[in-house]
Amino acid sequence: MPTMRSRGTARYWIWACVLMGLCVGWGLACQAGGDPVDAPDDDDDDEVTDDDTTDDDVDDDVVDDDTTDDDTTDDDDDEEMCEVEHYDLDEKCDGEIEQCVDYGFTEDGQPTSTSDDTDCDGTPDVCQANTYDGDGNLILTGSDANCDGTPDTDCTVYADYAKAAGDGAGTVGADSDCNSVPETSCQKITYDEDGNPLTVEFDNDCNGEADACAVYTYEDGVFKSYKEDSKCNDTDDYCYEDVYQPFGDGQYQQRRFDTDCDGEADNCQFWIYNEDGHLLRTGVDANCKKNGTSDCVNQVWTGDGITGSNVDSDCDGKADTDCVTATVNDDGVQLTIENDTDCDGETDVCTKNLLDADGRIDQTVTDEGCDEDPEVCQFYDHLCF
């Protein structure tokens, strides 16, 4: 059974804003070609929370599903896993809570609901809910208009996922009235034994006939290429592939987008990792010459913690915005964060994370202007499994 823990980890909103360029960079690489959703995995929360996760309608200040990554220990199955169960937002740090959010989970830690009480009057205003089958497979997710724990509008249906990985095909589609019958945007997806998508049939009106098809390939279990055939007539018309090369002690990854599948890359996205697999730099490389042309984001790591980052919008090697420095403890948890938003040498926003007795972030305090008069305080409770 789940056990309660006192105040837990917060992932401060300012850091999310600082790294927004990085998230956008990843998005550019992932959205191309209408990639299918991954098959939900019984033990992986990230797999069961796709575009319609239970956090979609929560205020931007609220962390999403990945906020608890620093608290989740997956090295040992016997160690407990903790997720954010309750969130409070004090917008003025005056002791008055303006927003309250509750997160529900199964006994195995899979997310079941999000209830956002936007004015903390005790009645939730915006809710999301997930439904699982008897084997723990996600089958329905969407908005919960009356906040009774059951999705009833704007749902996504997941079907046959119990046999999707390596045996048969799973289907996902949009279901406006949440009756478990998809109406639009259906995808029939086959997977390998590791849960990687192999083929996709896009059925826009869910009539059982594929409107477009796609194929994924892998090399030694690592993604290699994606080819989309917009008419399923064996003529590929949208392609991309990943190329991996050594970069010092780390790795350089380039995604080469070939928008007409003529064998010539039209534009690229790149990622550079250090020897520990931590992302150092990402950006757009319009000419595919490995030097970056726009939207570059840099990160500095000390051990497993990020101690610096900046946005280099034109990738000229000079930071343009959000020059961030941070201190971290031995576990890589950030303790203090200073953001020089215009990189002029003057710190504009200071953030401090306070830890509980278990080393988790108990409270996040954001001080715009760094004048010791904080504007935003955030608190988290955790549920551990």
Side-chain angles (χ1 to χ4, degrees), residues 11-32 60-61 66 70 240 242-257 259 265-329 332-353 364 366-371 375-376:
R11 188 72 63 87
Y12 38 85
W13 64 271
I14 187 62
W15 187 244
C17 294
V18 169
L19 295 182
M20 185 169 293
L22 173 59
C23 298
V24 170
W26 278 104
L28 289 173
C30 298
Q31 68 186 8
D60 289 340
D61 286 342
D66 65 1
D70 291 340
Y240 61 83
D242 281 8
V243 177
Y244 305 87
Q245 296 177 343
F247 185 87
D249 294 328
Q251 184 182 67
Y252 176 91
Q253 176 185 355
Q254 183 185 65
R255 179 158 292 183
R256 302 172 63 85
F257 296 97
T259 56
D266 301 296
N267 58 79
C268 293
Q269 181 86 10
F270 74 92
W271 301 266
I272 298 174
Y273 301 90
N274 66 14
E275 63 272 20
D276 296 320
H278 297 315
L279 183 64
L280 298 177
R281 182 175 173 86
T282 183
V284 174
D285 183 9
N287 53 26
C288 297
K289 293 184 178 179
K290 303 181 181 179
N291 53 4
T293 55
S294 64
D295 301 322
C296 284
V297 176
N298 303 292
Q299 293 187 140
V300 177
W301 293 79
T302 300
D304 291 324
I306 298 176
T307 52
S309 69
N310 63 69
V311 176
D312 179 3
S313 58
D314 54 6
C315 302
D316 63 354
K318 181 181 178 181
D320 299 303
T321 61
D322 295 310
C323 289
V324 174
T325 57
T327 60
V328 299
N329 64 13
V333 177
Q334 291 171 326
L335 304 177
T336 61
I337 305 97
E338 296 183 353
N339 185 7
D340 177 3
T341 57
D342 52 7
C343 298
D344 64 353
E346 298 292 331
T347 302
D348 302 295
V349 182
C350 294
T351 302
K352 181 182 295 185
N353 292 322
T364 297
T366 302
D367 179 5
E368 298 183 16
C370 302
D371 56 2
E375 285 76 21
V376 179

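For Asp340, the salt bridge (Lys or Arg N to Asp or Glu O under 4.0 Å) criterion is met by no residue, not counting sequence neighbours. Every residue meeting the side chain to side chain contact (heavy atoms under 4.5 Å, CB included) condition with Lys289, not counting sequence neighbours, appears here in chain and number order: Asn287, Asn291. Glu338 is linked by a side chain to side chain contact (heavy atoms under 4.5 Å, CB included) to Thr325, Thr347, Cys350, counting only residues two or more places apart in sequence or in another chain. Every side chain to side chain contact (heavy atoms under 4.5 Å, CB included) that Ser313 has, sequence neighbours left out, goes to Asp320. Under the rule for a salt bridge (Lys or Arg N to Asp or Glu O under 4.0 Å), the partners of Arg281 that lie at least two apart in sequence or sit in another chain are Asp312.
Between the Ser309 side chain and the Val324 main chain, no donor and acceptor come within less than 3.5 Å of each other. A donor-acceptor pair is defined here as one N or O able to donate and one able to accept, closer than 3.5 Å; no such pair exists between the side chain of Asp285 and the backbone of Phe270. Put simply, the side chain of Thr302 never gets that close to the backbone of Thr307: no donor and acceptor are under 3.5 Å apart. Listed for the Gln299 side chain is a donor-acceptor partner under 3.5 Å among the backbone atoms of Leu279.
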### Task
Would you please test Asn274 and Asp249 for side-chain hydrogen bond (donor to acceptor under 3.5 Å, both in side chains) and show each step?
CA-CA 6 Å; Asn274 66 14; Asp249 294 328; over 6 Å; no

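Using a 4.5 Å heavy-atom threshold, the side chains of Val349 and Thr366 count as touching. Residues Asn339 and Asp322 form a side-chain contact, since some pair of their non-hydrogen atoms from C-beta on lies under 4.5 Å apart. Using a 4.5 Å heavy-atom cutoff, the side chains of Cys323 and Asn310 are in contact. Within the 4.5 Å cutoff, side-chain heavy atoms of Asn353 are placed close to those of Ile337. Contact annotation: the side chain of Phe257 approaches that of Asn267 to within less than 4.5 Å [non-hydrogen atoms, C-beta and beyond].
Sequence neighbours left out, the pairs with a member in residues 288-307 that pass ring pair (Phe, Tyr, Trp, His ring centres under 6.0 Å) are His278-Trp301.
The structure places CG of Leu280 at 7.0 Å from CD1 of Ile272, a figure rounded to the nearest 0.5 Å. The line from NZ of Lys352 to OG1 of Thr364 is 12.0 Å long, rounded to the nearest 0.5 Å. The distance from atom CH2 of Trp271 to atom OH of Tyr252, rounded to the nearest 0.5 Å, is 9.5 Å. Expressed to the nearest 0.5 Å, how far CD of Gln269 lies from SG of Cys288 amounts to 10.5 Å.
Around the CZ atom of Phe247, the shell of radius 6.0 Å holds no more than 12 heavy atoms that belong to other residues, nucleotides or ligands.
Between Asp367 and Asp371 the shortest heavy-atom distance is OD1-OD1, 2.8 Å.
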